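Sequential numbering from 1 along the given sequence is applied to the chain's residues. Whatever order the structure lists ligands and atoms in, that order sets their numbers, starting from 1. Below, each value reflects all heavy atoms present in this structure, side chains not excepted, and no hydrogens, waters or symmetry copies. All values reported here derive from a predicted model rather than from experimental measurement.
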Amino acid sequence: MTNPVHFSLAGRRALVTGANTGLGQAIAIALAAAGADIVGAGRSAMAETETAVTALGRRFLAVTADLARMEAIEPLVEAASTEAGPIDILVNNAGIIRRADALDFTEADWDAVMNVNLKAVFFLSQAVARRMVAERRRGRIINIASMLSFQGGIRIPSYTASKSGLAGLTRLLACEWAARGINVNAIAPGYFVTNNTAALRADPERNAQILARIPAGKWGEPSELGGAAVFLASDAASYVHGAVLPVDGGWLAR
Ligand code: NAP
């Protein structure tokens with residue numbers, strides 16, 4: 001009898017946005033360790049990720065793209081597909097956060113966050129899915145959501161709106177594309193040690209408040225997120241559609 005659960009990603013190609021650092025880098029490395037070749041997309045150099053991925057024996061292609069600009073999306077997918085081959089797995093990881101009281105929050109901070117965290121995710125997913133559908137290939141899309149997909153938070157109105165919207169968008173795309181062989185799911189990280197959370201960790205009061213609420217009693221390390229991405233990208237998750245999977249040290253269970 002063959003093993004009914006398959007986690008290998010051998011022969012697959014994954015496009016990971018924001019793969020130069022933080023959670024995106026950790027996800028790229030985890031997917032590569034499971035056998036996938038990686039296309040890293042983003043604004044910054046990806047030498048560190050490239051070194052880690054190639055050390056695992058996988059191919060790595062970096063494509064420069066500023067996801068705040070709509071014009072970047074189609075050339076990104078075209079370059080990735082042409083140079084690396086058809087994309088099997090898309091990880092929408094790139095994201096930004098802006099902090100200010102809701103009473104003072106600016107339109108610029110609203111638009112900047114919504115453009116990268118939500119608009120780019122939708123149109124990049126559309127560009128990748130159009131190719132999967134046209135070529136009758138199965139695919140996986142994994143969106144990186146947040147605890148703010150479930151909760152309100154404070155002083156991050158556009159971030160909360162974008163990540164709550166992303167949970168809804170994940171469900172909508174799952175409903176539309178499941179029958180086309182594309183699994184769309186999300187991972188909702190709790191509080192992880194990355195640039196994104198540097199301001200929170202540097203504020204002793206907020207740091208203590210957050211740690212006190214995490215049943216696991218510590219901030220997550222980026223490497224602790226990769227397994228969820230491998231699962232959702234693999235055949236083991238073939239019947240998983242529209243899920244938002246928390247990886248949060250128990251934060252939501254509290
Ligand atoms: P990070 O270290 O700040 O990384 C963010 C990534 O997004 C970087 O690679 C960044 O590239 C990229 N990016 C930002 N704007 C971009 C743009 N316009 N075009 C292309 N790439 C862009 O943060 P992180 O914590 O790893 O965050 C990754 C994802 O996880 C985000 O969606 C974030 O909201 C989410 N998340 C994080 C946590 C956490 O605790 N850390 C919790 C929940 C959700 P540059 O380096 O060039 O800026």
Side-chain angles (χ1 to χ4, degrees), residues 15-30 38-50 62-73 75-77 79-80 90-99 108-109 111-125 142-151 153 156 158-167 169-170 186-202 206-207 210-211 213-214 216 218-226 228-229 244-249 251-252:
L15 170 57
V16 182
T17 66
N20 58 306
T21 185
L23 302 185
Q25 181 180 65
I27 289 168
I29 293 168
I38 305 295
V39 180
R43 301 178 294 189
S44 305
M46 309 224 177
E48 203 178 276
T49 310
E50 175 165 18
V63 180
T64 303
D66 178 357
L67 293 167
R69 298 172 52 248
M70 275 295 289
E71 316 82 83
I73 286 172
L76 160 60
V77 180
L90 168 64
V91 182
N92 285 305
N93 164 77
I96 58 172
I97 193 163
R98 298 280 168 86
R99 298 177 196 280
D109 281 346
D111 288 344
V113 171
M114 295 300 275
N115 284 344
V116 176
N117 293 15
L118 196 53
K119 187 174 179 181
V121 170
F122 175 71
F123 286 102
L124 184 54
S125 300
I142 301 167
N143 296 324
I144 303 305
S146 165
M147 294 296 97
L148 287 314
S149 300
F150 305 102
Q151 301 177 311
I156 46 173
S158 56
Y159 188 80
T160 299
S162 70
K163 294 297 185 179
S164 296
L166 188 55
L169 182 64
T170 299
I187 297 169
Y191 288 82
F192 280 78
V193 178
T194 69
N195 300 333
N196 176 292
T197 55
L200 283 181
R201 284 177 287 115
R206 289 288 288 131
N207 189 40
I210 288 166
L211 276 178
R213 210 207 122 139
I214 301 175
K218 69 177 194 71
W219 288 75
E221 290 300 326
S223 61
E224 296 181 289
L225 198 73
V244 183
L245 173 62
V247 180
D248 65 353
W251 174 276
L252 287 179

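Not a single heavy atom of A188 lies less than 4.0 angstrom from ligand 1. Within the structure, the closest approach of G220 to ligand 1 does not fall below 4.0 Å when heavy atoms are considered. Residue contacts with ligand 1 do not include T17, since none of its heavy atoms lies under 4.0 Å from the ligand.
Against a heavy-atom cut-off of under 4.0 Å, A68 is close to the following atoms of ligand 1: 18 (N). Here is the list of ligand 1 atoms found below 4.0 Å of a heavy atom in Y191: 40 (O). Interface of N195 with ligand 1, defined as ligand atoms under 4.0 Å from a residue heavy atom, comprises 2 (O), 3 (O). Each of the atoms 29 (C), 30 (O), 35 (C) of ligand 1 lies under 4.0 Å from some heavy atom of I144. Atoms of ligand 1 found under 4.0 Å from any heavy atom of Y159, numbered from 1 in the order shown, are 33 (C), 34 (O), 35 (C), 36 (N), 43 (C), 44 (C). Residue-ligand proximity, I96 to ligand 1, at heavy-atom distances under 4.0 Å covers atoms 14 (C), 15 (N). Residue T197 approaches ligand 1 through these ligand atoms, each under 4.0 Å from one of its heavy atoms: 39 (C), 40 (O), 41 (N). Against a heavy-atom cut-off of under 4.0 Å, P189 is close to the following atoms of ligand 1: 42 (C), 43 (C), 44 (C).
What sits closest to atom 25 (O) of ligand 1 on the protein, heavy atoms only, is T194 OG1, 2.5 Å. Looking only at protein heavy atoms, the nearest one to atom 9 (O) of ligand 1 is N20 OD1, 2.5 Å. Scanning the protein heavy atoms around atom 48 (O) of ligand 1, the nearest turns out to be R43 NH2, 2.4 Å. Closest to atom 13 (N) of ligand 1 among all protein heavy atoms lies A94 CB, 3.8 Å. Among protein heavy atoms, atom 4 (O) of ligand 1 sits closest to T21 CG2, 3.8 Å. Looking only at protein heavy atoms, the nearest one to atom 40 (O) of ligand 1 is F192 N, 2.7 Å. At the shortest separation from atom 47 (O) of ligand 1 among protein heavy atoms lies S44 OG, 2.5 Å. Among all protein heavy atoms, the one lying closest to atom 19 (N) of ligand 1 is L67 N, 2.8 Å.
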_Candidate pair L200 and R99, rule side-chain contact (heavy atoms from CB on, under 4.5 Å), full reasoning_ = CA-CA 11 Å; L200 283 181; R99 298 177 196 280; 3.8 Å; yes
*Is there a side-chain contact (heavy atoms from CB on, under 4.5 Å) between E224 and K218 once you walk through the steps?*
CA-CA 12 Å; E224 296 181 289; K218 69 177 194 71; 2.6 Å; yes
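With distances taken over non-hydrogen atoms, the option nearest atom 5 (C) of ligand 1 out of G24, G95, G22, G18 is G95. Counting only non-hydrogen atoms, the option in N196, N92, V116 that gets closest to atom 23 (O) of ligand 1 is N196.
At least one side-chain heavy atom of T197 sits less than 4.5 Å from a side-chain heavy atom of T194. Residues N20 and Q25 fail the side-chain proximity criterion, which asks for heavy atoms closer than 4.5 Å. Residues L90 and V16 fail the side-chain proximity criterion, which asks for heavy atoms closer than 4.5 Å. Side-chain contact between N92 and I142 is absent, with no heavy-atom pair separated by less than 4.5 Å. T160 has its side chain out of reach of F150: every pair of non-hydrogen atoms, C-beta onward, lies at least 4.5 Å apart.
Of the N or O atoms in L23, one or more lie within a sub-3.5 Å distance of an N or O in ligand 1. Considering backbone and side-chain atoms together, M147 places no N or O closer than 3.5 Å to any N or O of ligand 1. Taking only nitrogen or oxygen atoms, main chain and side chain alike, D66 reaches within less than 3.5 Å of ligand 1.
Only the side chain of K163 comes within contact range of ligand 1, with a heavy atom under 4.0 Å; no backbone atom does. Contacts with ligand 1 closer than 4.0 Å are made by heavy atoms of both the backbone and the side chain of N93. By the criterion of a heavy-atom distance under 4.0 Å, the backbone of A145, and not its side chain, is placed next to ligand 1. Of all the heavy atoms of A65, the ones lying under 4.0 Å from any atom of ligand 1 belong exclusively to the backbone.
The main-chain N or O of A145 is never found under 3.5 Å from a side-chain atom of N143 such that the two would form a donor-acceptor pair. Looking at S149, its side chain does come within 3.5 Å of a backbone N or O of S146 through a donor-acceptor pair. In this structure, the side chain of S162 does not engage the main chain of M114 through any donor-acceptor pair within 3.5 Å. Distance alone, capped at 3.5 Å, places no donor-acceptor pair between the R43 side chain and the L67 backbone. Using modelled atom types, no side-chain atom of T170 and backbone atom of A186 make a donor-acceptor pair closer than 3.5 Å.
By the 30° and 60° cut-offs, the orientation of the rings of W251 relative to Y191 is tilted.
Rounding to the nearest 0.5 Å places CD1 of I144 at 6.0 Å from CG of L225. Separating the CD1 atom in I156 from the CZ atom in R98 is a distance of 13.5 Å, to the nearest 0.5 Å.
No more than 12 heavy-atom neighbours from other residues, nucleotides or ligands sit within 6.0 angstrom of CD on E48.
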